[in-house]
Enquirer: 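Sending over a structure as structure tokens; questions will come in a sec.
The basis for the numbers below is simple: all heavy atoms, side chains too, and nothing from hydrogens, waters or symmetry mates.
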Amino acid sequence: MTQTDTRMHSSPRPGAAGPAPVPRISAGNLVRKQFIAYGILPLLLVVLIITFAVVEPRFISPTNIVNVARQVSFLGIIAIGQMLYLITRNYDLSNGGTVALSSIICATVMVSAAPGNPGMAILLGCLAALAVGLAVGIANAVLIAVFKVNSFMVTLGTGFAATGVALLVAGGIPVTGLPPEFSRNFGTSAILGIPFPTFMLILVLIGAYVLLNWSRLGRQAYAVGGNEKAAYQAGVNVSRTLVSVLVTGSFLAALVGVMITARVSTGEANIGVQYPMQSIIAAVIGGIALAGGEGRVSGAFMGALFIVLLNNGMDLIRVQGYVQDILLGALLVLALLVDRIRTRVRITAPAGTISTPALLTTDKGDK
Amino acid sequence: MTTHIITERPQGAARAAIAVQGVTKRFQGFAALRDVSIDFLPGQVHVLFGENGAGKSTLIGVLAGIHRPDEGTILLDGQQVQAATPRRARELGIAAVFQEPALVPQLTVAENLALGREPTSRGLVDRRAGRRQAVEALARIGSSIPPDAYARDLSRAEQQILEIARALQGEAKVLILDEPTASLTDNETDCLFDVVHTLRREGLAIIYITHRMGEIRRIGDRVSVLRDGALIRTCPLGEVTDDDLVTLMTGRQVGALFPEIPHRPGGMALELQKVSGAGVLEIDLQVRQGEVVGLTGLVGSGKAEIGQLCFGLARTVSGRIRINGQDLGHSSPSKRLRQGMVYYPADRKHDGLVASRPARENVSLPALDRWTRAGFLDRRRERLETEAVLKRLSLRPANPDALPPTFSGGNQQKIVLGRGFTRPYGIHIFDEPTAGVDVGARAEIYEAIKELADSGAAVLLISSDLPEVINLVHRAYVVAEGRIAGEFSGEDLTEETLLPVFFTQHEKEQGA
């Protein structure tokens, strides 16, 4: 109310006026637009980094930065997979089980197949593990898209089953004795100075960005998640869209299973337990709407980065694990609260006043 | 939330039950209301009239405690009040019933009425007292809705009446009704009007928003016309003609509402032969290229179902649907779109628009393959072409990046309508295209329909709005009880000839 808008004095009849008055770019406007696009996450990240850097200088040491980069790779890719589910208005509670099963299958195939030919063993192991992702994804997608079963229950079930199969195959113990080349090439190596997992993360982020923003499938995925009925009536093949997107989501979980197996050089059935919840938290903090149809790749990544930084920083200053959980839980609730406010600002503001990329308005709205 | 009543100056407007004086409300700099002053008198129905975006919703929002005015005052019985929350407004005696039903379908009528203020005895809900109060509340407005019925089983009119009963619990002096008849049939509207008349006799000030011209005369005593957030005129209804009202509302002359569409029928575009499906029986229907054909009848007559069958949203049990002579069989909407048929659903919010995606993407969705090469979108061309379509339909505000819920009903309809202009479709099926759409946008939608017909497309217009059907179409079918009960064209296209056919019953029809 401090500044009277110039548009008030324009022609009384909308549409009859000349060129639209160009709104001035004020700092407040910019902050507002950022808030609407990303919520408070960027701000939280900056605060978090500065705080830890001041309290504990080791936080910004090169070693720790590489460490964080590696840790965020796993959760980052998982969060992107979760995001693909959430965008279409589904949950993925099976990504933990998928990570576990793909790790066990990867390791088991590698130690038993093609003895004497580590290259072939590694290839077969990876393929088998990725096939696990496809299988879980297809099972989820068919149950969700074709039989219309609630995704929460479907993925809870397939996740449990996958973990069970992993434990059964491995007999409840870690699978060891993998070819050393596997870990050397895909776990601890670096490409252009970037740790291999981080390199994979970058590829996945780019791929997901292109998929969601520049492909027809991505556009249809957002539409299906936003309003399935409307998408169907607009000619979108809903089942095909769901199957493509959900299978990709589970495939990413299996990819992480392979990456972790390479990192620790062991197949483990208990490595994915924390992922379903952590990835949902990361996505939601990153502004991906549980109601579907909305969310950015950058948001999911920042959400994952936030969780990793928080855990890493608190580890460094020796905060107890339990306390970390309390803080993370509180922050999740805070993020959801802010998300509600953000949605309200977005929906209730008159159409002319807010737009994502630019303000191009000639008229006032009334709602 | 802090609220306070300021009881300073019991001045001039003592006659008004409620009055706004010099009220201005801005949203991020936009003045949605500008210096509006209106007195609402007790025992009168005061109609608020104006296009979508004129400020009606904002005004009732201010009265009902949803919006806080930036300037100006609200006087209740001559006393300045501030209703900072909807709850506070209700306590002050301002009852409001909004368009969106706010009932819990799984609860009974009595439970809905008691919701949030359940009478208790010894800490437990006293169901018997609740029921007694419900009976009283319903009797007060002269309604005979059974208190034990479930809300989900009520008709739309009964739900509206229940909402009114709920809003009026406690001491109400003012009742605000926001387009209460938008989804009601004529009979249901009559029921609702009876209730409104009862309340008027009791001395309530009733503020009534509607887009329907016919209703204003039936129910209103006074009218205030708003345009662009400013009050244009307040006067008794006797002092203005319908044409005056439209001129005041739009700032331009009437007459141009329905364009003349030249009738140049071409080849057969859409043909239904003895089509039966859920709710409809043996439908024969034909639409030629360049023709606008109406499909009208009561709500629930089956006319909407015929549109759904045509677009593949419901299953054809028997009979044939042909597009350009080609049998459709059981195909999905996506296939029918590719065959050149486009359908604009009546329920924009649930069936038409994806609320979380910008207007632009909602327009381009059915035609994405137009801009897709090897799965990837040419976003620049998509943007240019959809923006051109929305500009042509004069979307207001002209912001293709805004989300659908931020637009008025008429402009939301333009977004849905934009889909038909991204590529040349041969057959356009409209289901109630102007429901909840103001007169200005209405004229633009009719103009778009004319443009389609002129270009040789076949248009099937499913509508309950008789003036619209009579003035726009070349030919019209009337549907009654799931069957085609009559076909009219030329001289026969009048309200007097069509309306009786609405009530055709099966038995009588056998002979005809």
Side-chain angles (χ1 to χ4, degrees), chain A residues 1 3-8 12-16 20 23 32 210-211 213-220 222-238 289 291-295 346-367, chain B residues 26-32 34 52-58 70 227-230 251 311 313 332-338 343 345 350-358 361-362 364-369 371-372 375-377 379 394 396-403 405-408 411 419:
Chain A
M1 217 196 311
Q3 50 176 24
T4 316
D5 199 298
T6 48
R7 276 165 289 201
M8 262 183 67
R13 193 62 207 139
R32 205 182 145 75
V210 171
L211 173 78
N213 295 287
W214 291 88
S215 83
R216 179 172 46 181
L217 178 63
R219 196 58 81 69
Q220 293 177 332
Y222 278 118
V224 168
N227 185 347
E228 186 176 321
K229 254 175 107 179
Y232 178 70
Q233 297 204 11
V236 175
N237 187 331
V238 172
E294 215 184 334
R346 239 183 128 185
I347 299 293
T348 54
T353 52
I354 294 169
S355 64
T356 329
L359 287 155
L360 302 161
T361 162
T362 58
D363 190 13
K364 63 186 79 64
D366 162 30
K367 257 286 127 99
Chain B
R26 297 189 197 89
F27 291 109
Q28 288 106 40
F30 289 116
R34 279 184 272 164
N52 282 332
K56 305 182 302 280
S57 311
T58 311
D70 294 321
R227 184 169 75 215
D228 294 326
F311 195 55
L313 295 171
S332 63
S334 70
K335 187 151 178 237
R336 292 182 196 213
L337 280 162
R338 280 198 298 276
Y343 171 82
H350 291 109
D351 302 338
L353 294 164
V354 182
S356 61
R357 308 309 299 173
E361 288 184 21
N362 270 284
S364 64
L365 191 60
L368 282 178
D369 42 328
W371 304 289
T372 306
F376 291 99
L377 287 169
R379 293 210 306 187
S394 20
R396 279 189 300 264
N399 182 359
D401 294 311
L403 299 178
T406 62
F407 290 95
S408 67
N411 283 292
R419 292 178 178 165

Enquirer: Ignoring hydrogens, what is the shortest heavy-atom contact between A/Gly235 and B/Ser334? Give both atom names and the distance.
Expert: O-CB, 3.0 Å

Enquirer: Less than 4.5 Å to any heavy atom of chain A: does that hold for the side chain of B/Asn362, its backbone, both, or neither?
Expert: neither

Enquirer: Against chain A, label B/Tyr343 side chain, backbone, both or neither, depending on which of its atoms sit under 4.5 Å from a heavy atom there.
Expert: side chain

Enquirer: For the candidates B/Arg357, B/Arg419, B/Arg336, which exhibits the highest count of non-hydrogen atom pairs separated by less than 4.5 Å from chain A?
Expert: B/Arg357

Enquirer: Kindly write out the residues that satisfy ring pair (Phe, Tyr, Trp, His ring centres under 6.0 Å) with A/Tyr222, not counting sequence neighbours, or none if the list is empty.
Expert: none

Enquirer: Between B/Asp369 and B/Thr372, is there a side-chain donor-acceptor contact under 3.5 Å, judged purely by atom types and distance?
Expert: no

Enquirer: By a 4.5 Å heavy-atom criterion (distance strictly below it), what part of B/Leu353 contacts chain A: side chain, backbone, both, or neither?
Expert: backbone

Enquirer: Which one wins on heavy-atom pair count under 4.5 Å against chain B: A/Gly218, A/Gly292, A/Gly225, A/Ala223?
Expert: A/Ala223

Enquirer: Let's test your reading of the structure: which of A/Asn213, A/Val236, A/Val210 forms the most heavy-atom pairs below 4.5 Å with chain B?
Expert: A/Asn213

Enquirer: Kindly confirm or rule out a cation-pi arrangement of B/Arg379 over B/Trp371, judged by NZ or CZ under 6.0 Å from the six-membered ring centre and within 45° of its axis?
Expert: no

Enquirer: A/Lys229: which residues meet the salt bridge (charged side-chain N to carboxylate O under 4.0 Å, His left out) condition with it, sequence neighbours left out?
Expert: B/Asp351

